[in-house]
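Below: the structure, in structure tokens.
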Amino acid sequence: MSNLVPFPASRTTAPDHLGDYPDQVGADDHAVQFYDSDTYLVGVVSRFLLAGLQGGEPIIVVATPAHRAAFMARLEELAPELALAGDRITLLDARETLARFMVGDAPDPDAFRSVIADLIARTAGGGRVRAYGEMVDLLWQDGNASAAVRLEELWNEAQESYGFSLLCAYVMGRFYKEGDASHFLQVCQAHTHVIPTEEFGNLDTPHARLREISVLQQRARALETEIQHRQELEQALREALTERTRAEEELRACVKREKEARERAEASDAFKEMFLGILGHDLRNPLNTVLTTARIMQISADGAADGERGRRLERIVSSGVRMQRMIAQLLDVARARLAEGIPVTGAATQDLTPLAEKIVDEARAAHPARRIELRRQPPCLAHVDADRFEQVASNLIGNAITHGDPGQPITVALSAVDGMTTFSVHNFGNPIDPSLMPVIFDPFKRGAQSGARPDGLGLGLYIVERIVIAHGGRMEVVSSAQSGTRFTASFPSG
């Protein structure tokens with residue numbers, strides 16, 4: 001609802017002729033003049049002061065420098081002999097006087113009484129004083145409406161102890177906010193007389209004034225209705241915004257829960273994919289060795305004496321073939337994606353030579369037609385997880401067997417240089433396509449030499465690099481038609 005209410009009659013009774021009010025000031029009046037232009041204010045205040053001078057009253061003017069100069073200039077025009085009576089006129093700066101009793105953002109009652117009592121005592125000389133002040137207007141201009149209202153109350157309290165009449169003035173244009181209504185009403189209630197601006201005061205007949213009052217009442221009622229309607233719309237808008245905010249928060253919470261659930265699902269899927277991919281890929285090479293050995297033993301078995309042995313070997317081969325199919329299925333499941341990171345546990349400083357010999361022997365047994373050489377320059381110590389190192393060796397040697405020239409040897413070498421122990425596998429044959437070099441260690445990228453038959457899913461080199469990096473090492477590859485292809489895994493020496 002609007003804060004606009006009618007002024008109470010107790011302190012708002014105006015004289016019959018508003019334009020003549022300064023000439024009819026009462027002894028204990030505390031009046032307020034609202035104005036739009038300085039020209040009008042100067043005329044009203046000058047007449048108010050002149051009436052006091054003509055009645056023998058001392059004058060106190062607490063105003064801005066510009067207004068003080070304008071008032072004195074007008075008084076000299078109206079009554080030069082009175083205006084020059086300097087001993088009867090006290091001029092004070094409004095801002096400086098205000099500062100003498102303001103504590104923080106509020107006037108201090110004790111300080112105010114001290115300043116005003118001293119001022120009136122020095123000025124009155126046993127008689128009544130007529131004062132004009134615009135300190136309240138400065139407070140309102142500063143946006144401190146509550147302090148302006150409190151200062152008006154302190155002036156009223158001072159009138160009960162000291163004999164003076166007072167005229168205050170406010171620029172009407174400062175009361176333009178809806179929130180000013182309650183303070184404006186308090187200002188009006190603090191005065192014995194409230195004088196409207198020149199727009200109303202200049203109306204020359206009672207009928208014109210009544211007509212203007214009726215128009216202003218209609219406008220006030222219309223404004224109240226408009227404000228009430230606007231407040232209802234604002235309340236509805238606030239409720240809608242609150243509901244929208246609640247819906248947005250609920251949506252964000254749902255999105256967050258969905259994201260967390262998706263991340264958990266993706267992490268779980270990634271772990272499964274990594275597990276299946278590494279399991280399937282790294283079981284294949286030792287299984288091939290088992291199957292090859294079993295088939296060789298089948299060929300060497302002779303007759304009935306070896307009948308039971310032959311059946312057992314047949315079961316081994318059959319089970320191995322079935323396991324190969326299962327591994328292929330595992331690799332198919334892991335084909336779509338493989339998560340980052342391969343755990344390394346049980347790392348210790350140890351000689352890589354026996355580990356490399358073991359893997360080379362297995363590769364020779366599985367591929368008896370291939371020539372695999374092992375070269376080592378001891379000591380070949382490195383801080384590694386033995387099982388993971390064997391995975392690296394097995395995958396690199398298997399890669400060389402798959403993609404190398406069958407008529408050329410595969411060279412496996414161990415050496416220690418500059419705090420790193422290197423394990424390298426070299427083979428001759430078609431070089432790696434240069435376009436594949438940037439992605440040679442990516443999962444599911446077949447880093448095959450040009451012209452070679454694709455074999456596997458492209459997990460081997462990815463797994464090798466992940467294991468080497470997990471050990472704090474690095475992988476390198478060089479490939480050309482003249483010098484062949486060499487993969488080198490470097491591990492910290494310990």
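Small disclaimer: the values here were computed from a predicted structure and weren't measured.
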### Message
I'd like to know if Arg230 pairs up with Glu226 as an ion pair, taking the criterion as any Lys NZ or Arg NE/NH1/NH2 lying under 4.0 Å from an Asp or Glu carboxylate oxygen.
### Response
no

### Message
Tell me whether the count of non-hydrogen atoms from other residues, nucleotides or ligands lying under 6.0 Å of CG in Asp118 goes above 12.
### Response
yes

### Message
Looking at Ser114 and Asp110, would you say the former's side chain and the latter's main chain have a donor-acceptor pair under 3.5 Å?
### Response
no

### Task
State, without any angle test, whether Ser415 and Thr422 hold a side-chain donor-acceptor pair at a distance under 3.5 Å.
yes

### Query
Does the pair His229 and Thr225 meet the rule for a side chain to side chain contact (heavy atoms under 4.5 Å, CB included), with working shown?
CA-CA 6 Å; His229 180 61; Thr225 302; 5.5 Å; no

### Query
Is the shortest side-chain N to carboxylate O distance from Glu260 to Arg262 below 4.0 Å?
no

#### Entry: side chain to side chain donor-acceptor pair (under 3.5 Å) evaluation trace for Ser490 with Glu476
CA-CA 8 Å; Ser490 300; Glu476 297 174 324; 4.9 Å; no

### Query
Under 4.5 Å between any side-chain heavy atoms of Phe71 and Val61, yes or no?
yes

### Arg95 with Asp142: basic N within carboxylate O range, under 4.0 Å
yes

### Query
Backbone N or O of Asp105 within a donor-acceptor pair of the Asn144 side chain at under 3.5 Å?
yes

### salt_bridge(Arg257, Glu250) N-O dist < 4.0 Å
no

### Query
Got Arg150 and Pro109 here, is their nearest side-chain heavy-atom distance under 4.5 Å?
yes

### Query
Checking Ser479 side chain against Ile432 main chain: does a donor-acceptor pair fall under 3.5 Å?
yes

### Query
Can you tell me if Glu152 uses its side chain to pair, donor with acceptor, with the backbone of His191 under 3.5 Å?
no

### Task
Verify whether the ring centers belonging to Phe423 and Phe389 lie closer than 6.0 Å.
yes

### Query
Quick one: do Asp93 and Arg68 make a salt bridge, cutoff under 4.0 Å?
yes

### Task
Please confirm whether the backbone N or O of Val45 pairs with a side-chain atom of Gln33, one donor and one acceptor, at under 3.5 Å?
no

### Query
Would you find a donor on one side and an acceptor on the other, under 3.5 Å apart, between the side chain of Thr421 and the backbone of Cys380?
no

### Donor-acceptor contact present, side-chain Arg474 to main-chain Val468, <3.5 Å
no

### Task
Before giving the answer on side chain to side chain contact (heavy atoms under 4.5 Å, CB included), spell out for Tyr35 and Asp137 the whole-Å C-alpha distance, their side-chain angles and the decisive distance to 0.1 Å.
CA-CA 11 Å; Tyr35 67 96; Asp137 188 48; 4.2 Å; yes

### Query
Can you name the one residue among Trp140, Phe175, Tyr40 that meets ring-ring contact (aromatic ring centres under 6.0 Å, His included) with Phe34?
Phe175

### Query
Are Phe184 and Tyr170 close enough that their ring centres sit under 6.0 Å apart?
no

### Query
So, does Ser394 use its side chain to make a donor-acceptor pair with the main chain of Glu390 at under 3.5 Å?
no

### Query
Under the 3.5 angstrom rule, does the side chain of Thr192 hit a backbone N or O of His30 as a donor-acceptor pair?
yes

### Task
Before giving the answer on salt bridge (charged side-chain N to carboxylate O under 4.0 Å, His left out), spell out for Glu96 and Arg100 the whole-Å C-alpha distance, their side-chain angles and the decisive distance to 0.1 Å.
CA-CA 7 Å; Glu96 293 177 358; Arg100 294 174 62 188; over 6 Å; no

### Stepwise side chain to side chain contact (heavy atoms under 4.5 Å, CB included) test for Asp433 and Leu436
CA-CA 5 Å; Asp433 189 326; Leu436 290 176; 4.1 Å; yes

### Query
Could you state the interatomic distance from CG (Asp108) to CZ (Phe101), rounded to the nearest 0.5 Å?
10.0 Å

### Message
Assess, by modelled atom type and distance only, whether the side chains of Gln235 and Gln231 contain a donor and an acceptor separated by less than 3.5 Å.
### Response
no

### Task
Step by step, work out the side chain to side chain contact (heavy atoms under 4.5 Å, CB included) result for Leu139 and Leu98.
CA-CA 9 Å; Leu139 289 172; Leu98 186 63; 3.7 Å; yes

#### Entry: Arg130 NZ/CZ over Phe164 ring centroid, <6.0 Å and within 45° of normal
no

### Query
So, Arg74 and Glu77, do they make that salt bridge, N to O below 4.0 Å?
yes

### Message
Please check: side-chain N/O of His193 versus main-chain N/O of Asp29, any donor-acceptor pairing under 3.5 Å?
### Response
no

### Query
Of the options Val464, Thr488, Leu461, which is the one that meets Met475 in a side-chain contact (heavy atoms from CB on, under 4.5 Å)?
Val464

### Query
Just wondering, are more than 12 heavy atoms of other shown residues or ligands nearer than 6.0 Å to CZ in Arg244?
no

